[in-house]
Protein chains: 2
Amino acid sequence: MRKTFLFMDTVLNKVDAKGRVSLPSDYRAIVKESESEIVCYRSLCAPCIEGCLEDLLEKLASEMEDSLDFFSQKQDDLTNLIFGDAKRYPFDSTGRIMLSEKLLKHAQITDSAVFVGKGRKFQIWNPENWEKEEQRIRTEVLKNRPSLKGAGNES
Amino acid sequence: MRKTFLFMDTVLNKVDAKGRVSLPSDYRAIVKESESEIVCYRSLCAPCIEGCLEDLLEKLASEMEDSLDFFSQKQDDLTNLIFGDAKRYPFDSTGRIMLSEKLLKHAQITDSAVFVGKGRKFQIWNPENWEKEEQRIRTEVLKNRPSLKGAGNES
DNA sequence: TGGTATAACATGGGAAAACATGGGAATCAA
DNA sequence: TTGATTCCCATGTTTTCCCATGTTATACCA
């Protein structure tokens, strides 16, 4: 079976004047092993940047490629939004990617950014915004705790 | 696994007096790697130009002839329209393609154009029109958000 | 165990290459 | 010839690449 790749951990890095950020080294290892590339886009539902391996989008494209849906309006809209926003972000020899103005603005990132692992994907946040978001999520999860199953909460 | 070819990102380029536009460099890379060519045609459902690799139309054609009962008369008609309109658009040594008067008129493009990635396809818009269209799509998609899957919207 | 050497990493800055774009000469067609 | 199309060169800008430095983490040894 193929090795699985999970983006994990939370890492704070600086963003320099050119918009460059070091990709966490764990993430870089994943990219190298998977022989794919990092793709980033503006999250549809939060003020943050979302990233994943290009493989994930490739899967999406293949599903839509079916000529039965060649003329579907709804899929048309969806592909415009996703692929129109997404872009490859290869890292240089020192491990940095260069985030575009558009992404930085959407996530309100200026001089530092937090990488948050999410399994197959990861997010990049403005540090203060992430702090608030994490609080919100923790509160939310605790509220719904009784309904959580199979995630090691039995005892 | 095959290397992935995805048209992505949104790029604004100028159209000069001769009708020349630089094809975004990412797109050029795809064309070179795929050893195919760019094909453009008037979009059937929007005031924009649509483009893809010739491979994709090739695939569409094959599926049409293989599955006689599979496709409705309506889709057959739509496909005919596309093939009747489509044409190769090779780029020169500086990476520019020359859009025809017909295409430019259909998309109301004069002195600048926006390339919008759609995965296997891409679109070329008049900048103002695209701005409105993007707004429309965002509104539309967010309205239907619960139904989105595998497109990075879980959180 | 403590301390030091070594390697990996994050970060800054400058050089080099790639890119978008304008213009003109050469080529071709009506 | 006229108009259009292709090819080539020039230029300013952006992006990418490469080297240097300080810091942190890891390995090693006494």
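Below, chain A is the first sequence line, B the second, and so on; all start at residue 1. FYI, side chains are in, hydrogens and waters are out, and symmetry mates aren't considered; it's all heavy atoms of this structure. These numbers come from a predicted model, not from an experiment.
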Outermost DNA chain C nucleotides near chain A [under 4.0 Å, heavy atoms]: C:dC9 to C:dG14
Is any side-chain heavy atom of B:Pro90 closer than 4.5 Å to a side-chain heavy atom of B:Ile38? no
Does B:Glu54 pair with B:Arg88 as a salt bridge, N-O distance under 4.0 Å? yes
Would you call A:Asp77 and B:Arg136 a salt bridge, using N to O less than 4.0 angstrom? yes
Applying side-chain contact (heavy atoms from CB on, under 4.5 Å), can you list everything that pairs with B:Thr10, at least two apart in sequence or on another chain? B:Val114, B:Val116, B:Trp130
Going by side-chain contact (heavy atoms from CB on, under 4.5 Å), name the residues that satisfy it together with B:Glu58, two or more places apart in sequence or in a different chain. none
Test: side chain to side chain donor-acceptor pair (under 3.5 Å). Region: residues 90-104 of chain B. Which pairs qualify, not counting sequence neighbours? B:Asp85-B:Lys102, B:Tyr89-B:Ser100, B:Asp92-B:Thr94, B:Thr94-B:Arg96
Name all pairs fulfilling the side chain to side chain donor-acceptor pair (under 3.5 Å) condition that reach into residues 103-116 of chain A, sequence neighbours left out, sorted by first residue then second. A:Gln108-A:Asn129
Side chain of B:Arg120, backbone of B:Phe5: donor and acceptor closer than 3.5 Å? yes
Single-linkage hydrophobic cluster, 4.5 Å side-chain cutoff, B:Ile124 and B:Met98 together: no
Transitive ILVMFWY side-chain link B:Leu99 to B:Val31, under 4.5 Å: yes
Please tabulate, one pair per line, all N/O donor-acceptor pairs under 3.5 Å involving side-chain atoms of residues 18-28 of chain B, not counting sequence neighbours.
unit_1: B:Arg20; atom_1: NE; unit_2: B:Asp16; atom_2: OD2; d: 2.7
unit_1: B:Arg20; atom_1: NH2; unit_2: B:Asp16; atom_2: OD2; d: 3.0
unit_1: B:Tyr27; atom_1: OH; unit_2: B:Met8; atom_2: O; d: 3.3
unit_1: B:Tyr27; atom_1: OH; unit_2: B:Gly117; atom_2: N; d: 3.2
unit_1: B:Arg28; atom_1: NH1; unit_2: B:Leu23; atom_2: O; d: 2.8

Using heavy atoms and a sub-4.0 Å distance, could you list which residues of residues 104-117 of chain B are near DNA chain D? By number, please. none
Hits for salt bridge (charged side-chain N to carboxylate O under 4.0 Å, His left out) against A:Glu134, two or more places apart or cross-chain, chain-then-number order -> A:Arg138
So which atom in A:Phe7 and which in A:Lys121 form the shortest heavy-atom distance, rounded to 0.1 Å? CB-O, 3.5 Å
Sub-4.0 Å heavy-atom contacts from residues 89-100 of chain B onto DNA chain C, ordered by number: B:Thr94, B:Arg96
Note down the inter-axis angle between the two ends of the helix from C:dT1-D:dA30 to C:dA30-D:dT1, five pairs each, to the nearest 10°. 40°
Steps toward side chain to side chain contact (heavy atoms under 4.5 Å, CB included) verdict (B:Ile137, A:Asp76): CA-CA 10 Å; B:Ile137 297 175; A:Asp76 233 47; over 6 Å; no
List the residues meeting side-chain hydrogen bond (donor to acceptor under 3.5 Å, both in side chains) with B:Ser43, not counting sequence neighbours, and say none if there are none. none
Which two nucleotides bound the region of DNA chain D that has atoms under 4.0 Å from heavy atoms of chain A, read 5' to 3'? D:dT16 to D:dC19
Toward the 5' end of DNA chain C, which comes first, A:Lys18 or A:Ser22, by nearest nucleotide? A:Ser22
